[in-house]
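Below: one structure, written as structure tokens.
The basis for the numbers below is simple: all heavy atoms, side chains too, and nothing from hydrogens, waters or symmetry mates.
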Amino acid sequence: MNKYHFLSIDDIEYELGERLSPFELNKIRGAYEIAEAAHQNHRMVDKSPYFYHLTRVVGILIRELHISDPDLIITTLLHDSHKTGEEITIEIVDFNFGPYVSLLIENFREDRETLEMNPEELDFDIKDKIRNPGDDYLIIRMAETVDRFRSMDFNPMYNPINLILETSKKYFALIESCATKELLYLLNEIKKERNKIIG
């Protein structure tokens with residue numbers, strides 16, 4: 001995949017148009033516009049716009065995992081917005097996108113280490129117990145990792161080997177122990193990309 005490629009909001013709406021309501025598509029458009037504005041001055045290590053990375057992760061969810069859940073797509077677009085210096089508070093997220101999105105984003109902000117290491121131990125106070133916030137968090141985190149691995153560059157300022165080794169140590173056993181097909185797919189993709197780089 002071309003690391004400079006990105007999905008426009010029209011691309012996303014085209015992909016999801018038959019699966020979601022106009023109301024849900026409009027919420028995704030709102031999140032897209034907020035994220036695009038918030039990250040307009042941020043770059044990846046290779047100098048490509050950080051926002052492109054977020055849209056590619058959305059593409060992985062939609063095209064490869066066949067996920068059309070608007071909450072996961074919105075969370076993917078907004079989960080790093082707190083790093084931008086913009087005033088995108090959790091209250092604003094909750095008001096505009098609902099409690100599940102704000103719950104996931106809050107965990108990206110506050111409880112990252114706890115959730116990454118022990119996602120099943122967090123006490124999620126949500127009414128919809130069918131969802132698994134730990135799995136949803138890891139799906140977004142691992143889809144993000146797939147895109148980072150696919151887009152890696154070696155340069156004097158950045159050596160991806162440490163990221164590859166850290167990811168292997170931190171996530172592989174955790175994901176292999178679960179039965180979520182989306183996570184197992186992402187793990188396989190990460191391993192394929194790792195093997196291209198380090199053999």
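- Counted within 6.0 Å of CD on E18, heavy atoms from surrounding residues, nucleotides or ligands total 12 or fewer; the atom is thus considered open.
- Applying the salt bridge (Lys or Arg N to Asp or Glu O under 4.0 Å) test to residues at least two apart or on different chains, the pairs with a partner in residues 22-38 are D10-R29, E13-R29, R29-E33.
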Listing, residues 181-189 side-chain donor-acceptor contacts under 3.5 Å, not counting sequence neighbours, or none:
{"from": "Y185", "atom 1": "OH", "to": "E64", "atom 2": "OE1", "distance (Å)": "2.6"}
{"from": "E189", "atom 1": "OE1", "to": "R150", "atom 2": "NH2", "distance (Å)": "2.8"}
{"from": "E189", "atom 1": "OE2", "to": "K192", "atom 2": "NZ", "distance (Å)": "2.8"}

> What's the verdict on side-chain contact (heavy atoms from CB on, under 4.5 Å) for R148 and M44, showing C-alpha distance, side-chain angles and the deciding distance?
Replying inline: CA-CA 9 Å; R148 287 184 189 279; M44 301 289 281; 3.6 Å; yes

>> Is there a ring-ring contact (aromatic ring centres under 6.0 Å, His included) between F108 and H79? Walk through the geometry before answering.
In response: CA-CA 6 Å; F108 273 96; H79 75 276; 4.6 Å; yes

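- Checking each of D69, D136, D94 against Y100 for a side chain to side chain donor-acceptor pair (under 3.5 Å) leaves exactly one that passes, namely D136.
- Interatomic distance, T76 OG1 to I28 CD1, rounded to the nearest 0.5 Å: 10.0 Å.
- A distance of 4.5 Å separates CD1 of I67 from CD1 of I139, quoted to the nearest 0.5 Å.
- Smallest separation of non-hydrogen atoms from T55 and L7: OG1-N, 3.0 Å.
- The main-chain N or O of P99 is found under 3.5 Å from a side-chain atom of S102 such that the two form a donor-acceptor pair.
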>> Before you tell me yes or no, could you show the steps for R141 and Y171 under side-chain contact (heavy atoms from CB on, under 4.5 Å), namely the whole-Å CA-CA distance, both residues' side-chain angles and the distance that decides it to 0.1 Å?
In response: CA-CA 10 Å; R141 174 63 68 213; Y171 292 111; 3.5 Å; yes

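- Contact between V57 and A143 at its shortest, heavy atoms only, is CG1-CB, 3.7 Å.
- Ring-centre distance between F51 and Y32: below the 6.0 Å cut-off.
- I92 and L104 fall into different hydrophobic clusters, defined by Ile, Leu, Val, Met, Phe, Trp and Tyr side-chain heavy atoms under 4.5 Å apart, directly or through other members.
- The cationic group of K191 lies under 6.0 Å from the six-membered ring centre of F172 and within 45° of the ring axis, placing it in a cation-pi geometry.
- Nearest heavy-atom pair across I190 and M142 is CD1-SD, 3.8 Å.
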